[in-house]
Amino acid sequence: MNTSRRKHQRSRLRTAAASAAAVALAATGLAALPSSASAAADGILVQYRTSASGASADQSEPWLKVRNAGSTSVPLSSVKVRYHFKADSASAAYRFACSWAVKGCANITGTFGTLANPTANADRYLEIGFTPGAGSLAPGADTGDMQLRFHQASWARLIQSDDYSFGPDRTTYGDWSKVTAQVNGALVWGQAPAGNGPTDPPDPTDPPTDPPGDGARLFDDFNYSSHTDPKINANGWSVRSNSGGPGVPGATWAAENVTFASQSGNSVMNLETSTAGTGASTEHTEILTKSMKFKNGTYASRVKFSDAPRSGPDGDRIVQTFFTINDLKAPMADDYAEYDFEYLPNGGWGEPANILYTTSWETYRPDPWEAVNAHSEVRASYAGWHDLVVTIDNNQITYYVDGQHFGTHGAAFLPERPMSINFNQWLIDLEGQPSTTPRSYDQQVDYVLHVKDQVLTPAQVNAMVGSYRSAGTTFVDTVPGS
């Protein structure tokens with residue numbers, strides 16, 4: 001499959017970053033939890049004020065501070081804050097933005113969800129999270145101003161007077177129990193609307209349970225001899241050799257640079273990307289399923305990202321990926337879908353250093369550029385092996401990295417058609433490293449797993465992969481063709 005449209009990713013992600021996140025309705029099925037808490041042992045409380053106090057407004061502006069009233073330091077990455085509101089219509093979609101924050105807007109995330117038990121003044125929530133770059137709150141410290149806002153995607157005027165967490169008279173900061181906070185999934189502050197409590201996706205640290213025994217699935221341990229091994233084709237894979245995007249114009253997709261070797265008793269696939277500073281010398285790599293037959297369910301892989309080249313000078317703007325995708329049949333076609341893990345060890349798309357993105361796509365138009373997507377990101381090094389899991393059900397898309405929740409994107413981004421499963425490694429451009437000295441980069445893949453129509457926890461994924469390996473199973477594919 002030609003994935004040339006990816007050459008537009010720099011624009012798309014900068015567009016997404018400009019609005020903080022292109023987020024919409026998340027029809028999340030939430031389990032009931034206790035609906036209230038005070039500043040408990042964790043000592044976290046939330047202060048609130050509004051800078052848009054009218055009964056209606058172009059956008060709601062909940063300004064927040066998170067304060068640590070406890071006696072121990074709390075990592076902000078473990079904190080989630082929820083602002084509850086009433087949607088302006090059942091189909092209304094919302095977008096979040098951060099105008100200014102002491103901790104830096106780049107370290108603050110905002111996603112939307114739907115309450116399991118709607119009330120007269122709340123059926124949605126805006127969840128505020130923090131990246132590791134936000135640091136920790138020492139005892140007695142607070143985040144300082146977080147000047148946040150959200151609006152309807154259509155920019156239609158919204159009604160605030162019926163929103164649960166809205167306080168029209170709150171024009172200066174003060175403790176506000178109608179905004180809730182949780183630490184590591186436990187409610188520690190505030191009172192949610194009646195019958196609702198904040199939840200996270202299933203706790204990936206729970207003891208592993210036996211994975212479901214039924215359900216169609218694909219498992220491949222990538223136990224092949226070379227890119228010409230006939231089992232690759234027989235098992236439904238294509239090693240790309242056709243020209244086109246994404247990446248450096250004039251580059252080739254070198255099938256021979258997809259190799260296999262044994263490491264610690266497992267067969268590992270290696271994708272090598274190399275360049276000597278020109279388009280003609282640049283070789284990208286990609287392997288993908290020939291069939292687009294994968295849709296809802298669980299996708300998992302163990303991938304080794306690298307921050308430095310295997311040889312030669314460092315600095316290239318390289319992208320290392322695991323993703324699912326189908327074809328765009330027309331600009332802004334609503335049946336397009338794509339779900340990405342993308343690691344940029346040297347930055348790119350306006351980012352100065354390493355960053356890991358997860359992105360869920362509804363659609364896009366290549367010219368003039370327009371995109372509808374949601375993304376989560378962490379600006380940190382991810383060099384080394386990582387367990388990547390994404391689950392898709394009828395309500396949302398949820399991403400995990402190394403068993404920890406990384407991001408959740410809403411129902412607006414669910415797939416309408418099946419997709420292929422892909423791994424590739426490619427250079428965005430040659431601007432990050434102008435040298436003409438040859439250099440090469442490696443991305444390694446241990447296995448891939450897809451379980452159709454079943455949402456597995458990361459622990460269940462590990463148990464299933466372990467079961468296959470204990471039985472000596474290197475490949476199975478019972479997923480029916482689309």
Side-chain angles (χ1 to χ4, degrees), residues 1-10 12-13 218 220 222 224 227 232-233 235-260 268-275 279 282-292 294 299-307 309-310 316-328 337-346 348-349 354-361 364 375 382 386 388 390 419-430 432 439-448 450:
M1 179 181 64
N2 190 328
T3 56
S4 60
R5 69 112 198 119
R6 287 176 158 265
K7 66 185 178 181
H8 303 284
Q9 278 186 312
R10 177 175 180 174
R12 86 172 194 211
L13 285 170
L218 165 71
D220 200 330
F222 294 114
Y224 303 109
H227 75 284
I232 293 179
N233 181 70
N235 289 346
W237 294 97
S238 174
V239 182
R240 183 176 175 182
S241 59
N242 58 296
S243 61
V248 175
T252 58
W253 293 83
E256 66 274 14
N257 289 347
V258 177
T259 57
F260 303 87
V268 172
M269 177 171 64
N270 190 81
L271 281 66
E272 177 187 334
T273 293
S274 60
T275 188
T282 301
E283 295 182 344
H284 298 152
T285 45
E286 180 169 21
I287 186 170
L288 63 155
T289 59
K290 293 183 292 182
S291 175
M292 288 191 288
F294 308 97
Y299 299 81
S301 184
R302 184 166 172 78
V303 177
K304 185 178 183 181
F305 297 127
S306 56
D307 278 355
R310 174 160 48 88
D316 288 293
R317 295 169 179 170
I318 196 161
V319 185
Q320 301 171 342
T321 76
F322 167 43
F323 64 102
T324 69
I325 190 172
N326 61 28
D327 53 329
L328 182 74
E338 178 181 352
Y339 308 98
D340 302 326
F341 288 93
E342 294 173 308
Y343 181 53
L344 282 60
N346 292 317
W349 298 327
N354 37 30
I355 184 170
L356 177 64
Y357 286 107
T358 60
T359 308
S360 300
W361 283 80
Y364 74 99
H375 76 274
Y382 279 85
H386 296 283
L388 310 179
V390 56
M419 303 165 287
S420 62
I421 298 175
N422 303 48
F423 298 89
N424 66 18
Q425 183 181 221
W426 49 281
L427 293 172
I428 297 172
D429 52 42
L430 297 171
R439 59 268 191 189
S440 61
Y441 296 81
D442 289 334
Q443 173 188 341
Q444 296 182 338
V445 182
D446 187 9
Y447 72 85
V448 66
H450 170 69

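Bear in mind the structure is a predicted one, so any value in this text is a computation, not a measurement. For this chain, numbers begin at 1 and follow the sequence in order.
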Do the non-hydrogen side-chain atoms of [X] and [Y] ever get within less than 4.5 Å of each other?
{"X": "Thr282", "Y": "Leu430", "answer": "yes"}
{"X": "Phe341", "Y": "Val390", "answer": "yes"}
{"X": "Trp237", "Y": "Tyr224", "answer": "yes"}
{"X": "Val239", "Y": "Ile232", "answer": "yes"}
{"X": "Asn326", "Y": "Glu338", "answer": "no"}

* Residue of the set Thr285, Thr321, Val248 for which side-chain contact (heavy atoms from CB on, under 4.5 Å) holds with Trp426 ->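 Only one option passes, and that is Thr321.
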Side-chain donor/acceptor of [X] to backbone N/O of [Y], under 3.5 Å:
{"X": "Tyr364", "Y": "Leu328", "value": "no"}
{"X": "Thr289", "Y": "Ile421", "value": "yes"}
{"X": "Asn346", "Y": "Asp316", "value": "yes"}
{"X": "Asp220", "Y": "Val448", "value": "no"}

Closest heavy-atom contact between [X] and [Y]?
{"X": "Thr359", "Y": "His375", "value": "OG1-CB, 3.5 Å"}
{"X": "Tyr382", "Y": "Phe305", "value": "O-CB, 3.4 Å"}
{"X": "Met292", "Y": "Ser420", "value": "CG-N, 3.5 Å"}
{"X": "Val445", "Y": "Ser301", "value": "CG1-OG, 3.5 Å"}
{"X": "Gln444", "Y": "Val268", "value": "CB-CG1, 3.7 Å"}
{"X": "Leu427", "Y": "His284", "value": "N-NE2, 3.2 Å"}

* Asked: Can you list the steps and then say if Val303 with Gln443 is a side-chain contact (heavy atoms from CB on, under 4.5 Å)?
  -> CA-CA 7 Å; Val303 177; Gln443 173 188 341; 3.7 Å; yes
* Under the side-chain contact (heavy atoms from CB on, under 4.5 Å) rule, what do Asn422 and Phe322 come out as? Steps first, then yes or no, please. => CA-CA 6 Å; Asn422 303 48; Phe322 167 43; over 6 Å; no
Among side-chain atoms of [X] and [Y], is any donor-acceptor pair under 3.5 angstrom?
{"X": "Thr273", "Y": "Gln425", "value": "yes"}
{"X": "Asn424", "Y": "Trp253", "value": "no"}
{"X": "Lys290", "Y": "Asn233", "value": "yes"}
{"X": "Gln320", "Y": "Ser306", "value": "yes"}

* Thr252: partners by side chain to side chain contact (heavy atoms under 4.5 Å, CB included), with sequence neighbours left out ->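 Side chain to side chain contact (heavy atoms under 4.5 Å, CB included) list for Thr252, sorted by chain: Glu283.
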* To do: Start with the C-alpha gap between Tyr343 and Val319, add the side-chain angles, then the distance that decides, and say whether side-chain contact (heavy atoms from CB on, under 4.5 Å) holds.
  => CA-CA 6 Å; Tyr343 181 53; Val319 185; over 6 Å; no
* Asked: So Thr275 and Arg439, side-chain contact (heavy atoms from CB on, under 4.5 Å) or not? Walk me through it.
  -> CA-CA 6 Å; Thr275 188; Arg439 59 268 191 189; 3.4 Å; yes
* Mind telling me whether Phe222 and Phe423 have parallel, tilted or perpendicular rings, with 30° and 60° as the class edges? =>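 Rings of Phe423 and Phe222: perpendicular, as their planes differ by over 60°.
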